[in-house]
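Order of listing sets the numbers, starting from 1, for every ligand and every atom in it. Positions are given from 1 along the sequence. Keep in mind that the numbers below use all heavy atoms, side chains included, and drop hydrogens, waters and symmetry copies.
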Amino acid sequence: MLKVEHIGIAVRSLADAVPLYEKLLNTPCYKQEPVQSEWVETAFFLQGETKIELLEATGPDSAIAKFIDKKGEGIHHIAFEVEDIFAEMQRLSAEGFVLLNEQPKRGADNKLICFVHPKNTHGVLIEICQEIRS
Ligand code: CMX
């Protein structure tokens with residue numbers, strides 16, 4: 001794993017959370033983007049080398065809606081950048097981690113992504129991600 005690429009924060013409303021994080025971080029949101037397959041709308045901030053991703057649910061079946069119903073707003077996942085997502089998924093599987101998707105999925109911000117079940121990682125949802133190189 002190369003570095004923490006972003007921290008995902010579940011929010012009820014991007015309309016409320018984006019201006020607040022702009023004030024908090026003293027930097028503008030650089031991208032807002034839907035991920036229709038995940039039923040989320042995302043908003044990104046860059047702070048040094050690390051990104052913050054705010055996530056709002058766009059449907060009741062969204063993982064973000066379920067998370068907020070159960071736990072309230074807050075840190076939803078930590079994403080690590082990897083060089084080769086296929087190799088890293090194979091390695092994690094062989095180490096006994098439960099991957100939440102069999103193939104990498106297309107995520108926000110030009111990434112291939114895969115999630116690791118939080119039950120295996122002491123309660124933290126981990127994402128691995130790789131930049132899509134065209
Ligand atoms: N962090 C830590 N624990 C979490 C969690 C999270 N983000 N989301 C759920 N959990 C916990 C639940 O509270 C539950 O704990 P208990 O058994 O102690 O109650 C446990 O994980 C299993 O939950 P579940 O009810 O069986 O399953 P859910 O339907 O809540 O699904 C999860 C949980 C992680 C499998 C599902 O949310 C998932 O597949 N996530 C990956 C995809 C995703 O999160 N997409 C949104 C972001 C997309 C993006 O970044 O673009």
| request: Can you figure out which of Lys70, Lys71, His6 has its heavy atom closest to atom 10 (N) of ligand 1? | output: Lys71
| task | Dump the intermediate steps for side chain to side chain contact (heavy atoms under 4.5 Å, CB included) on Glu83 and Leu2, then the final yes or no. | result | CA-CA 7 Å; Glu83 182 63 32; Leu2 300 173; 3.9 Å; yes
| query | If you count the atoms of ligand 1 from 1 in the order shown, which ones are under 4.0 Å from a heavy atom of Glu38? | reply | 42 (C), 43 (C), 45 (N), 46 (C), 48 (C)
| said: Quick check for you: to the nearest 0.5 Å, what is the distance between Asp16 atom CG and Tyr21 atom OH? | reply: 12.5 Å
| remark: heavy-atom search around atom 7 (N) of ligand 1 in the protein gives His76 O, 2.9 Å
| query | Do Leu55 and Val11 have side-chain heavy atoms sitting under 4.5 Å apart? | reply | no
| said: Can you confirm whether some protein heavy atom lies under 4.0 Å from atom 26 (O) of ligand 1, or whether none does? | reply: no
| Less than 3.5 Å between some nitrogen or oxygen of His117 and one of ligand 1, yes or no? | no
| Backbone N or O of Glu131 within a donor-acceptor pair of the Asn110 side chain at under 3.5 Å? | no
| Would His77 and Phe115 count as a close aromatic pair, with their ring centres under 6.0 Å? | yes
| field | Electrostatic pair Glu56-Arg12, nearest N-O below 4.0 angstrom | value | no
| task | Give a yes or no on whether Asp84 atom CG has more than 12 heavy-atom contacts from other residues, nucleotides or ligands under 6.0 Å away. | result | yes
| query | If you measure from each heavy atom of Gly123 to ligand 1, is any distance below 4.0 Å? | reply | yes
| Looking at atom 13 (O) of ligand 1, is any protein heavy atom nearer than 4.0 Å to it? | yes
| query | Counting distance only, does the side-chain N/O of Thr50 pair as donor-acceptor with the main-chain N or O of His6 below 3.5 Å? | reply | no
| request: May I ask which of Phe115, Phe67, Trp39 has a heavy atom nearer to atom 8 (N) of ligand 1 than the others do? | output: Phe67
| task | Considering only NZ, NE, NH1 and NH2 on the basic side and carboxylate oxygens on the acidic side, decide whether Glu81 and Lys111 come within less than 4.0 Å. | result | no
| query | Salt bridge or not for Glu33 and Arg106, using N-O below 4.0 Å? | reply | no
| said: Just to confirm my output: which protein heavy-atom neighbour is closest to atom 16 (P) of ligand 1, and how far is it? | reply: Lys119 NZ, 3.5 Å
| Heavy-atom protein neighbour under 4.0 angstrom from atom 31 (O) of ligand 1 | no
| What is the closest protein heavy atom to atom 34 (C) of ligand 1, and at what distance does it sit? | Pro118 CD, 3.7 Å
| query | Among all protein non-hydrogen atoms, which one is nearest to atom 36 (C) of ligand 1, and what is the separation to 0.1 Å? | reply | Ala63 CB, 4.4 Å
| Closest non-hydrogen protein atom to atom 51 (O) of ligand 1, residue and atom name please, with distance? | Glu53 OE2, 4.0 Å
| message | Between ligand 1 and Lys105, is the shortest N or O to N or O distance under 3.5 Å? | response | no
| Closest to atom 49 (C) of ligand 1 among Ile64, Leu55, Ile126 (heavy-atom distance) | Leu55
| Sub-4.0 Å protein heavy atom next to atom 19 (O) of ligand 1 | yes
| Checking Glu22 side chain against Cys29 main chain: does a donor-acceptor pair fall under 3.5 Å? | yes
| said: Considering non-hydrogen atoms of the protein only, which is the closest contact for atom 28 (P) of ligand 1, and what is the distance? | reply: Lys66 CD, 4.7 Å
| said: Under 3.5 Å, is there a donor on one side chain and an acceptor on the other for Asp109 and Tyr30? | reply: yes
| said: I need the atoms of ligand 1 closer than 4.0 Å to a non-hydrogen atom of Leu100, numbered in the order shown. | reply: 34 (C), 35 (C), 38 (C), 39 (O)
| message | I'd like to check atom 42 (C) of ligand 1 in this structure: does the protein have a heavy atom lying under 4.0 Å from it? | response | yes
| request: With heavy atoms of His77 as the reference, note each atom of ligand 1 found under 4.0 Å away. | output: 50 (O)
